[in-house]
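Following: one structure in structure tokens, then a few remarks.
Side chains included, hydrogens not; waters and symmetry mates left out as well; all remaining heavy atoms used. Here the structure is a predicted model, which is why all the values come from computation and not from measurement.
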Amino acid sequence: MSRAVRLGGVVALLLSVLSVGGARAQTPPASAPPAVANLASCIQTTGRLSTLIVIDESGSLRNAPGQPGTDPDNQRVAGVKAALTGLGRLADTAIDGNTPKVEVLLAGFASTFETAPGFNPDKTDPFTAVSSDSLPGLLAQADSFAARNTGRNTDYRLALDRARRVLSDRAAAATASGGEAPCRALIFFTDGKYDVVGGDAALRAGREALCAKDGITDQMRRDGVVTFALALSTNIGASDLSFLEALTNGGAQGCGTTGSAATGLFLSVADRDRLIFLFGDLFNPSPTPPTPVGPVCVDAPCPSAAGSFEVVPGVSRFLLRAATGAEGIVVSLTAPNGDTHSFAIGGPPEAGLAGSAVTQRWISPRGVEIDGAISGAESRGTWRFTFLDPSGDHLDARPSYTLQLYADASAQLQGEPKVTLGQPTDLAFQLTDAQGNAVAQGPLAEAAHVTASIIDPSTGRATDLPVAGSGAHGQFHTTFDAPLDSTASSFELRVTTKFDAVGGVEVSSQQRTYELERVLPALYPRVRPSELKLPSAEGTKKTSGKLTIQADERSGGCVWFEILSPDAPSDARGVTPELSPPASTPTQCIRVEPGQHKTATVVFRSGHEASGSVHATVRAHVTSDRNPAEETVDIPVRYELRPTPNVPLRILIFLTLLGIGILIPLLLLHGLNFLSAGFEPPQKVRYAGIDLIVDPAAGLVLPDGEPVAMSYNDTDRVVEEGEARRERSLEVDDISLRAIASGSRHPRSLSLLRGPFGVAGDGESPLVAGSLHQTLRTLQPGYHEVPLALTGTWIFRPTEATAEAGSPRAGRLTVFITDGGSIDQANQLIAAASLELPAALAVLQPTDSGTSVGQATGIGPQDWQSDRIADDPSSDSGGESPGHDI
Amino acid sequence: MGDAWDDETNPLEDLGTFTYEEDPGARTWMVAAGVASVAASILLLLASAVTANLAGYVLGAIVPITIVAFYRRHSQARLAKVGVALSRLRSVATTALVVVGFIVASAHAWFIAKALA
């Protein structure tokens with residue numbers, strides 16, 4: 001593959017599309033802040049941007065008794081939405097046919113760090129691809145942060161460490177198969193100083209973790225994260241602001257060892273109403289301060305609340321961003337041809353004025369962006385706008401606004417020039433529009449001036465190139481003399497096109513970035529690629545890449561490699577490089593004959609799992625058979641590290657959670673059963689025991705043949721004295737009674753869904769029981785269920801082991817009634833027993849001890865006709881039929 | 001109450017006072033609460049935070065299983081007291097609720113496990 005101009009593209013999007021004038025500078029800077037330029041170049045190189053917006057959620061944002069909040073009306077949310085709409089414009093704008101892939105994730109922090117809701121099947125943090133379709137959802141996510149203002153503390157360490165990992169994991173996932181890692185931008189908003197639980201000691205430890213050599217900030221910089229820190233400085237002192245600045249770029253007090261203006265940008269405002277401009281102008285190379293106007297007019301333009309701007313040939317777009325100062329304010333915009341439209345909340349998102357499409361987006365009830373795509377000659381001239389208050393309720397509102405114009409022209413490198421050390425390389429540029437068509441007319445193009453700079457990656461040194469030419473012809477040129485001592489395999493060329501202001505309004509400058517490939521002198525073998533972008537490595541697994549050595553057709557040569565010490569996260573505990581074949585000395589060099597090509601493989605493996613970027617350099621030493629002078633080429637290597645998932649632990653946690661999910665409800669039921677398993681206080685229950693005969697023909701009769709009749713005097717309290725409380729076991733009329741909870745040992749029945757119940761019997765003597773209130777189960781041999789309430793229950797124990805079917809059977813009947821109640825209850829029990837006993841006794845079967853017990857039957861009030869239903873305690877009937885138990 | 005042994009007395013009529021108590025009715029609100037819990041758990045799958053997964057796990061498994069358990073327990077008591085069994089539709093519905101809830105909770109459990117390991 002020829003060494004080509006790889007980066008043509010996408011321009012100044014970042015430098016322009018995102019914004020309008022800003023709050024941080026009184027005069028436009030000559031060129032973009034290094035952090036902004038750095039990020040813009042990265043985006044043009046990779047075509048991808050991952051943006052993480054981390055927003056302070058501390059309680060200091062909201063009003064509290066005696067303590068006014070710093071942002072009670074959530075202007076930070078409007079600011080975040082301004083940044084999001086800017087990213088949306090960036091993602092939707094194609095230049096030279098390319099649109100960058102922009103993705104964003106919102107997160108909040110205080111004493112915790114949480115990302116905004118979103119779905120991602122991989123359950124990595126759910127970045128959302130920014131587009132016109134996804135933008136409404138992202139703006140809604142931003143709205144959710146209005147209520148996220150109750151956190152404690154402002155833990156910078158937690159926020160930045162998590163942010164670094166989130167971005168690193170994202171890059172690792174994106175490069176699992178190799179290729180360009182996305183550029184990474186962190187937008188970090190806070191209204192408070194660094195504050196954590198634990199006092200000064202915790203603060204000191206946190207600062208150390210953040211700012212030590214190879215600490216969190218250094219790791220972020222190694223990963224290529226460009227940090228934009230935005231502070232609402234209402235409650236932050238100067239020294240704390242200085243610390244915040246140091247986190248981004250090292251600042252005056254220093255933080256880490258690699259901070260610079262290229263690694264981050266720090267911005268602060270004391271007026272929360274300016275947050276919308278601060279966020280909106282984040283990436284703006286030439287922001288201007290907002291222009292205040294006002295007071296607003298009622299329903300017709302008035303000078304006090306009006307503004308204007310000029311559109312000349314070459315201007316392709318304008319962006320008016322305004323803080324209206326009050327809700328209900330309308331922006332009336334008039335085109336040069338007299339077309340007028342009022343932009344208000346709830347109005348149509350787009351309007352046509354003078355043939356141009358103008359869109360509005362309200363990012364808060366008092367913040368709006370009006371974006372116009374200029375089209376046609378009618379659009380040229382003076383545009384006027386006015387802030388109106390049709391309701392007349394906010395006539396004291398004083399809006400402020402910023403304006404930015406965009407030119408559809410930028411300097412494009414012509415051809416695919418290559419660089420040879422020690423020889424001049426001519427670089428020619430042509431002004432072109434977004435479609436690549438030459439532009440050489442119009443006041444903007446004619447006044448355009450172009451600057452260029454070359455960055456040598458092997459040294460990091462930037463060199464400004466003098467550019468000659470004129471916008472009148474749209475052509476510019478310069479020459480680059482690559483230094484002989486350079487070892488770079490390519491050079492980065494940044495070309496910036498600047499325009500004069502139009503009517504006092506800034507026209508955004510445009511930047512393009514190109515890679516100029518270095519070629520060795522003729523007859524030398526070529527080593528490719530010029531940069532190795534390896535697949536991300538999981539844990540301590542290896543990652544590798546291939547280098548191809550191609551000999552010249554006229555001469556053979558030899559190549560050997562030297563791998564310079566990789567720069568890796570300290571958690572990786574060193575990265576070990578390997579080379580195959582091991583051509584690391586002149587004597588081991590890889591020999592190629594004329595026209596031949598061979599490959600070498602480089603392998604990297606870290607000593608411990610870590611998260612972050614690894615940078616290394618493979619230095620190729622190249623000789624030619626026809627030129628003994630050694631040429632050296634540094635091939636940069638980059639890949640991402642990601643921790644290995646602990647699969648066994650993961651599965652263990654998963655299974656444990658599943659078990660807990662089932663066990664907790666069961667344990668809860670069991671606990672309730674256990675606590676409620678007790679008989680009614682025996683001091684409140686009376687009983688009577690009567691010896692009688694069950695005669696299938698005559699019913700229940702006394703042994704002397706007389707009918708059974710009972711009086712209150714025949715009854716006794718189950719327990720005469722003591723405190724009235726529930727009992728788990730009782731002995732009544734020689735009958736053992738036990739309260740059974742699920743899982744109790746006697747009998748071992750698991751009846752969670754039925755709840756606790758009582759059991760009568762000792763397992764040896766036969767007995768039958770019945771209740772006036774519920775169906776009772778016959779359980780294991782010699783046991784029968786009884787209600788825990790006891791009253792309204794009868795129990796019959798035969799005193800004859802066996803009897804012929806249909807013959808009378810002697811036994812003892814015990815009935816339980818309420819203490820102080822009517823004796824009628826006892827007689828009802830006798831009547832019920834007389835109905836049920838003949839059938840129940842007919843199915844009594846012998847027990848192990850030779851006596852007889854009841855068969856497993858359920859007998860209840862609804863079973864008058866002996867329509868009994870088999871009741872196996874071990875089975876679950878599902879509770880679908882009367883008389884069944886589960 | 002009359003004499004149960006009098007051939008001229010219908011014992012079934014005399015015993016009518018204790019055959020059936022007042023039907024407490026099915027606790028439909030419990031099923032509705034279980035459905036709402038599982039629905040909330042499904043919605044929480046959209047969230048990314050571990051805390052949301054924990055909440056979704058509780059709402060998907062523990063809450064509906066507990067609710068259905070108490071519902072079935074109430075149904076058993078109702079069956080025993082007044083002889084009204086749980087309808088097949090409700091039985092299937094509550095079982096399905098537990099199954100769906102448990103599946104959703106399993107997803108939450110997996111996401112929690114992935115976040116922790």
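In this structure, chain A has no heavy atom under 4.5 Å from any part of T95(B). Neither the backbone nor the side chain of L652(A) comes within less than 4.5 Å of any heavy atom in chain B. Both the backbone and the side chain of L658(A) come within contact range of chain B, each with at least one heavy atom under 4.5 Å from a heavy atom of that chain.
Of the listed residues (T66(B), I67(B), I112(B)), the greatest number of heavy-atom pairs within a distance under 4.5 Å of chain A belongs to T66(B).
At a heavy-atom separation below 4.5 angstrom, chain A is approached by F102(B), S106(B) within residues 98-108 of chain B.
Atom CG of residue L657(A) and atom CD1 of residue I62(B) lie 9.0 Å apart, to the nearest 0.5 angstrom. From L655(A), atom CG reaches atom CH2 of W110(B) across 9.0 Å, with rounding to the nearest 0.5 Å.
When all heavy atoms of A113(B) and F654(A) are compared, the pair lying nearest together is CB-N, 4.0 Å.
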